[in-house]
Amino acid sequence: MKYLPNIITSTRFIFALLLVFTVPLSVMFWVFYGLAAATDLIDGPIARKLKASTNFGSALDTTADIFFLICIMVCVFPILEITTTSYVLIGSVFLFKIISLSYAYIKFKTIVSYHTRLIKFLALFIFTFPFWILFLDANLIVLVLAVLQIIAYIEELLITRKSDKPDANIKGVF
């Protein structure tokens with residue numbers, strides 16, 4: 001039972017990959033999208049209930065989230081009119097995440113992926129990206145998400161700087 005949360009998280013990779021082979025915003029897209037999103041909603045609470053929360057599970061969850069996001073981008077971005085500036089912003093977000101993960105690894109000798117309030121809020125916002133593009137300009141959404149994500153990763157850097165040991169479940173820097 002202690003591996004159940006990681007198994008659930010791992011299925012997100014499968015559902016996310018299946019997204020890439022669907023027609024963007026089709027019924028099958030939404031089915032795989034919904035299944036992947038559901039795994040993200042339930043893996044953490046199950047891990048806490050089973051007292052099976054680990055740094056590995058946290059890192060696996062973050063990796064699955066990033067993979068899911070990349071698969072969404074691969075599937076949906078070809079049908080959008082995304083500017084070069086938006087792609088630069090997206091690249092900057094990934095760069096800040098890599099810097100945050102690297103700094104924590106250098107300091108703690110382990111991968112640390114924080115689950116702050118801001119990160120949890122942004123995860124919800126990011127996962128609803130396909131809905132937002134139905135109503136708003138994709139470049140505006142990318143701008144807002146990129147700025148908020150960069151702020152979240154700066155918060156992660158500050159948490160790592162002031163922490164003596166890794167704590168993936170810290171609520172925030174303050």
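Just so you know, these numbers come straight off a predicted model, no measurement behind them.
- Listed here is the closest heavy atom pair of Met1 and Leu50: O-CD1, 3.2 Å.
- Considering OG of Ser58 and CG of Asn169, their distance stands at 6.5 Å, rounded to 0.5 Å.
- Put simply, the side chain of Tyr153 reaches to within 4.5 Å of the side chain of Val93, judged on heavy atoms.
- In plain terms, the two heavy atoms of Ile159 and Gly172 that are nearest each other are CD1-C, 3.9 Å.
- In Ile111, the CD1 atom is not crowded: 12 or fewer heavy atoms of neighbouring residues, nucleotides or ligands sit closer than 6.0 Å.
- Nearest heavy atom pair, residue Lys171 against residue Lys120, reads NZ-NZ, 4.4 Å.
- In this structure, Phe125 and Val144 have side chains that are in contact, with non-hydrogen atoms separated by less than 4.5 Å.
- Put simply, the side chain of Met28 does not reach to within 4.5 Å of the side chain of Val23, judged on heavy atoms.
- Each of Ile126, Asp40, Leu19 was checked for a side chain to side chain contact (heavy atoms under 4.5 Å, CB included) with Phe68, and the lone residue meeting it is Leu19.
- Between the side chain of Thr116 and the main chain of Ile119, a donor-acceptor pair closer than 3.5 Å is present.
- In this structure, the side chains of Phe29 and Phe21 stay at 4.5 Å or more apart for every pair of heavy atoms.
- Summarising the geometry, atom OG1 belonging to Thr9 is positioned 3.5 Å from atom CG belonging to Asp43; distances are rounded to the nearest 0.5 Å.
- In this structure, Tyr103 is not a member of the same hydrophobic cluster as Leu158, with clusters built from ILVMFWY side-chain heavy atoms closer than 4.5 Å.
- Linking ILVMFWY residues whenever their side-chain heavy atoms come closer than 4.5 Å, directly or via other members, places Met73 and Leu134 in the same cluster.
- Below 30°, between 30° and 60°, or above 60°: for Phe129 and Phe77 the angle between ring planes is between 30° and 60°, a tilted geometry.
- Distance check: Ile99 CD1 to Ser92 OG gives 9.5 Å after rounding to the nearest 0.5 Å.
- No donor-acceptor pair under 3.5 Å is formed between the side chain of Lys51 and the backbone N or O of Arg48.
- Side-chain heavy atoms closer than 4.5 Å link hydrophobic residues (I, L, V, M, F, W, Y) into clusters, and following such links, even through other members, never connects Ile42 to Leu60.
- Heavy atoms from other residues, nucleotides or ligands lying under 6.0 Å from NZ of Lys49 number 12 at most.
- Tyr3 shares a hydrophobic cluster with Ile7; the chain of contacts runs through ILVMFWY side chains whose heavy atoms sit under 4.5 Å apart.
- Taking each heavy atom of Leu89 and Ala146 in turn, the nearest pair found is CB-CB, 3.8 Å.
- Using modelled atom types, no side-chain atom of Ser86 and backbone atom of Ile82 make a donor-acceptor pair closer than 3.5 Å.
- In Tyr87, the OH atom is crowded: over 12 heavy atoms of neighbouring residues, nucleotides or ligands sit closer than 6.0 Å.
- Side-chain atoms of Leu145 and Leu148, non-hydrogen and from C-beta on, never get closer than 4.5 Å to each other.
- The shortest side-chain heavy-atom distance between Glu156 and Leu101 does not fall under the 4.5 Å cut-off.
- Taking 4.5 Å as the limit, some side-chain heavy atom of Phe108 sits within range of a side-chain heavy atom of Ser163.
- Nearest heavy-atom pair, Thr83 versus Asn139, reported as atom, atom and distance to 0.1 Å: N-OD1, 2.9 Å.
- Using the six-membered ring where Trp is involved, Phe67 and Phe13 have ring planes that are tilted, between 30° and 60° apart.
- Under the 4.5 Å side-chain heavy-atom criterion for Ile, Leu, Val, Met, Phe, Trp and Tyr, Leu143 and Ile133 are members of the same hydrophobic cluster.
- Between the SG atom in Cys75 and the CG atom in Leu25 there is a gap of 7.0 Å [rounded to 0.5 Å].
- A single hydrophobic cluster is seen to contain both Leu69 and Leu136, as judged by linkage of ILVMFWY side chains at heavy-atom distances under 4.5 Å, directly or through other members.
- In this structure, Phe94 and Ile66 have side chains that are in contact, with non-hydrogen atoms separated by less than 4.5 Å.
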Yes or no on side-chain contact (heavy atoms from CB on, under 4.5 Å) for Ser113 and Lys97, after CA distance, side-chain angles and deciding distance? CA-CA 9 Å; Ser113 182; Lys97 183 61 178 177; 3.8 Å; yes
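- Listed here is the closest heavy atom pair of Ala52 and Pro5: CB-CG, 4.3 Å.
- A donor-acceptor pair shorter than 3.5 Å can be found between the side chains of Thr160 and Tyr114.
- Applying the salt bridge (Lys or Arg N to Asp or Glu O under 4.0 Å) rule to pairs touching residues 64-91 yields Arg12-Asp65, sequence neighbours excluded.
- In this structure, OG1 in Thr54 is found 5.5 Å from CG in Asn6, a value given to the nearest 0.5 Å.
- The structure places CD1 of Ile8 at 11.5 Å from CG of Leu41, a figure rounded to the nearest 0.5 Å.
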